[in-house]
Amino acid sequence: MSRLVVLGVDGLPPTVLHRFAEEGALPHCAALLRQSAELSVVPTLPALTAPGWMTIASGAHPGTLGVSNILMPATGPAPDTIRNGFDRSLTEVEYLWETLAAEGRPAIVLKYPGSWPARPLDGVVQIDGAGGYADITCRFEELPSVTYQCGLPVPDSPVDGCCSVPRGYEEHWRIDSAGASGIHPLTPREPVNWTGLPAQWSPRFEAVLTARPVGQRQAVVLHVLAGSRAGQPVALIARTKSYSDAVAELPVGQWSGWVHERSVRGEFAVRYKLLELDPGRQALRLYRSEGHRLDGFTVPEHVAGELVRAAGPVVEWTGTFDYMSGLVDLDTQLEIYDQHTAWLERAIRMLADRYPWHGFFLHWHVVEYAHHIAGSALDGGHPRHAVHRERFLDFLRGTYRLLDRLVGTVGEIVGPADGLALVSDHGHDLVHSLFYLNDFLRERGWLAVTGPDDHPRIDWSRSQAYGLFPGLLLLNRADRWPQGTVPADKADALRTEITAALRGLRDPRTGDPVVTAVLDPAEMAAFGQFGLTAPDLFFTMDRGYEPATRLRPPGQPVFELTEPGTELTSGHGSFHPTSASARTLALLRHPTVRPGAQGRYPIPIVDLAPTFAALLGVRPPRQCDGRPINLAALGLQP
């Protein structure tokens, strides 16, 4: 029987992959491009991670999935009460690995978005899938990443994100956790009562590192001693003030090994990196990685222990928050990407060696994050594209080299008779300006706020509409929300008013129109966005513009230029599936496919799952809306 590996790479723009491959930086990717057929893929509406990967796994439209967005409105007192759109329990559709299991064929699922909570199935091994996408923290996270520091300035403007944090979601979406900068200030003190220090050690100051795991009142406490050893700055991290109890001794720029801790939920592990130390000035910056649990994140459960022993503790968190909030520098961010990718590679080798599989489904999110951080460097269309340009380009190349290494590792487990599909959920393109949608609705009288100016809150008793990222508009409808203000017979008229206002919207800095489409329910349904979870309107913007939904103090401009290094400067290409920059690719290497072939026309993303099913020799997943692509009609067969 044929086997297939589906390697999911989040937010992959084809032009950039080709650019770096043609430069000679990506030998494994270049080989895969030569050996595969390349298809242009039309993403979901909107072009987003949660519905995108669920659709790739099932062949179901967002409307069939019942998952319209990363931010999923939940029935409740107000439309900003949100559920995590990656929650597997939100949809009843069948995924392709579940199809394989139903036909008695084994599969491995490694960190695939929207797959957790896992459904225990004979022959299916699943690893995680509970977070790490879209700057959403994993449910197996015991500690978030932080930087401890003293004697140094705190970043002036910790990133607070472009999107409002709806109720019920604050603990998940870290990039928009207002006020949570991730910087933990330390109080340096004269070192006292330390024992067992080597003769070369010269202590200068000490501090206490505290950490409070999820759901736990009692803090984990460590001691840090800063000084020099043999004339070099060094920091000692210990459980007590004894050298024999040290868990790490770090010069500047070095990572520790894994430091194991225990919480009320179980064991977890973290690493430390000493970013900066000047003992004389009592200045220190010490980064601590996220702490991911060492158990409970696999089905069957025993696989977690095997995996940790073979591959080490899970390196999970790679989100943009740490760099954009000033917790780490760009080099450290790339090192985190490297550690995450290396763990994934070890996991691939271990799982493929120990467990049978006919389908192997895995996901890697790092390229998406790198584009968010450094995308301004790729395009002169950003007025501030020169800021950090060369550093950002090197950072992007370094990230793509990690992708290349991952492609090489995946190639090790693919035999001559097997298939390999490298797929993505959407493309990426420039974001030079944010449009603050909810501020716009407030100015037009459709949204009302209460509370102080610096922390405005929506007053639902006086609000008619609300915006969710990335351009979804929900009416405060009486037939949807118990306290809704818009009667059902008034909804169409309100949609018409808001549509006209958006279509007439111009950027006051240029005078140019900026909204390219406003879709009503019937138009959204044509792109697979329908049902109870669909928004009332969806709009898209011209290249370079992206909706932002955070409410800000009154008087601020509705349009604002993005700042490279502290805000996202690359997004999903207007989020509309027909946008050329929202499109992505699928590379298909298989014995039945002609190497180097180019698809004659774009294919909808819903067609990927039934195509993979056909290559595997199984039926399409139940509730599949797509159909297998006609390889001959696309010009892909020998």
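Any value given below was found using the heavy atoms of this structure, including those in side chains, with hydrogens, waters and symmetry copies removed. Residues take their numbers from the sequence shown, with the count starting at 1. Quick caveat: nothing in here was measured; it's all calculated off a predicted structure.
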Hey, mind stepping through Asp135 and Thr320 against side chain to side chain donor-acceptor pair (under 3.5 Å) and telling me if it holds?
CA-CA 7 Å; Asp135 274 294; Thr320 63; 2.7 Å; yes
Should Asp295 and Glu301 be marked as a side-chain contact (heavy atoms from CB on, under 4.5 Å) after you check the CA-CA gap, both sets of side-chain angles, and the distance that decides it?
CA-CA 7 Å; Asp295 63 357; Glu301 289 188 7; over 6 Å; no
Apply salt bridge (Lys or Arg N to Asp or Glu O under 4.0 Å) to Glu316 and Lys111, showing your working.
CA-CA 10 Å; Glu316 168 62 61; Lys111 289 191 57 59; 2.5 Å; yes
Check step by step if side-chain contact (heavy atoms from CB on, under 4.5 Å) holds for Phe86 and Val67.
CA-CA 8 Å; Phe86 290 98; Val67 176; over 6 Å; no
Apply side chain to side chain donor-acceptor pair (under 3.5 Å) to the pair Asp625 and Thr64, showing each step before the final yes or no.
CA-CA 8 Å; Asp625 293 312; Thr64 305; 2.7 Å; yes
Which is it for Thr332 and Asp329 under the side chain to side chain donor-acceptor pair (under 3.5 Å) test, yes or no, and what are the steps along the way?
CA-CA 5 Å; Thr332 302; Asp329 54 33; 2.7 Å; yes
Yes or no on side chain to side chain donor-acceptor pair (under 3.5 Å) for His184 and Gln149, after CA distance, side-chain angles and deciding distance?
CA-CA 6 Å; His184 282 214; Gln149 74 173 49; over 6 Å; no
Are Leu422 and Val9 close enough, and set up right, to give a side-chain contact (heavy atoms from CB on, under 4.5 Å), and what steps lead you there?
CA-CA 7 Å; Leu422 186 153; Val9 180; 4.1 Å; yes
Test Phe530 against Met524 for side-chain contact (heavy atoms from CB on, under 4.5 Å), laying out the working first.
CA-CA 7 Å; Phe530 52 82; Met524 287 187 285; over 6 Å; no
Working for salt bridge (Lys or Arg N to Asp or Glu O under 4.0 Å), residues Asp439 and Arg442
CA-CA 5 Å; Asp439 290 348; Arg442 178 175 56 185; 3.0 Å; yes
Evaluate Glu92 against Arg119 for salt bridge (Lys or Arg N to Asp or Glu O under 4.0 Å), listing each step before the verdict.
CA-CA 11 Å; Glu92 294 300 319; Arg119 296 179 175 179; 3.6 Å; yes
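Between His576 and Phe527, the distance from one ring center to the other falls under 6.0 angstrom. Note: Phe297 and Trp116 fail the aromatic proximity criterion, with ring centroids not under 6.0 Å apart. No close placement of the Tyr287 and Tyr272 rings is indicated, their centers lying 6.0 Å or farther apart. No close placement of the Tyr133 and Trp53 rings is indicated, their centers lying 6.0 Å or farther apart.
Taking the six-membered ring where the residue is Trp, His426 and His428 present tilted rings, their angle falling between 30° and 60°. Using bins of under 30°, 30° to 60° and over 60° for the plane-to-plane angle, the ring pair His371/Tyr400 lands in the perpendicular bin.
Taking OH of Tyr323 as the reference point, atom CG of Leu330 lies at 5.0 Å (rounded to 0.5 Å). Here the NE2 atom belonging to His382 is positioned 10.0 Å from the OG atom belonging to Ser570, to the nearest 0.5 angstrom. Remark: Leu447 CG to Leu437 CG distance equals 9.0 Å, nearest 0.5 Å. Interatomic distance, Phe268 CZ to Leu143 CG, rounded to the nearest 0.5 Å: 4.0 Å. Atom CZ of Phe395 is separated from atom OG1 of Thr399 by 4.5 Å, given to the nearest 0.5 angstrom. Note that CZ of Arg391 and CG of Leu396 are 12.0 Å apart. Values are rounded to the nearest 0.5 Å.
Considering His292, Arg212, Gln216, Arg265 in turn, Arg265 is the only one that fulfils the side-chain hydrogen bond (donor to acceptor under 3.5 Å, both in side chains) rule with Glu142. Test Phe469, Tyr545, Phe538 against Phe575 for ring pair (Phe, Tyr, Trp, His ring centres under 6.0 Å) and you get one pass: Phe469.
Both tests pass for Arg552 against the ring of Tyr436: distance under 6.0 Å to the centre and angle within 45° of the axis. A cation-pi arrangement is present between Arg88 and Tyr95, with the terminal nitrogen or guanidinium carbon under 6.0 Å from the aromatic centre and inside a 45° cone about the axis.
At least one side-chain heavy atom of Val6 sits less than 4.5 Å from a side-chain heavy atom of Phe612. No side-chain heavy atom of Thr569 sits under 4.5 Å from any side-chain heavy atom of His372. Side-chain contact check for Asp331 versus Leu334: every heavy-atom pair is 4.5 Å or farther apart. A 4.5 Å side-chain heavy-atom check between Thr55 and His61 finds every atom pair outside the cut-off. Using a 4.5 Å cut-off on side-chain heavy atoms (C-beta onward), Leu472 and Pro46 make contact.
With salt bridges taken as basic N to acidic carboxylate O contacts below 4.0 Å, one links Asp536 and Arg480. Salt bridge Arg405/Glu345: present, at least one basic N to carboxylate O contact under 4.0 Å.
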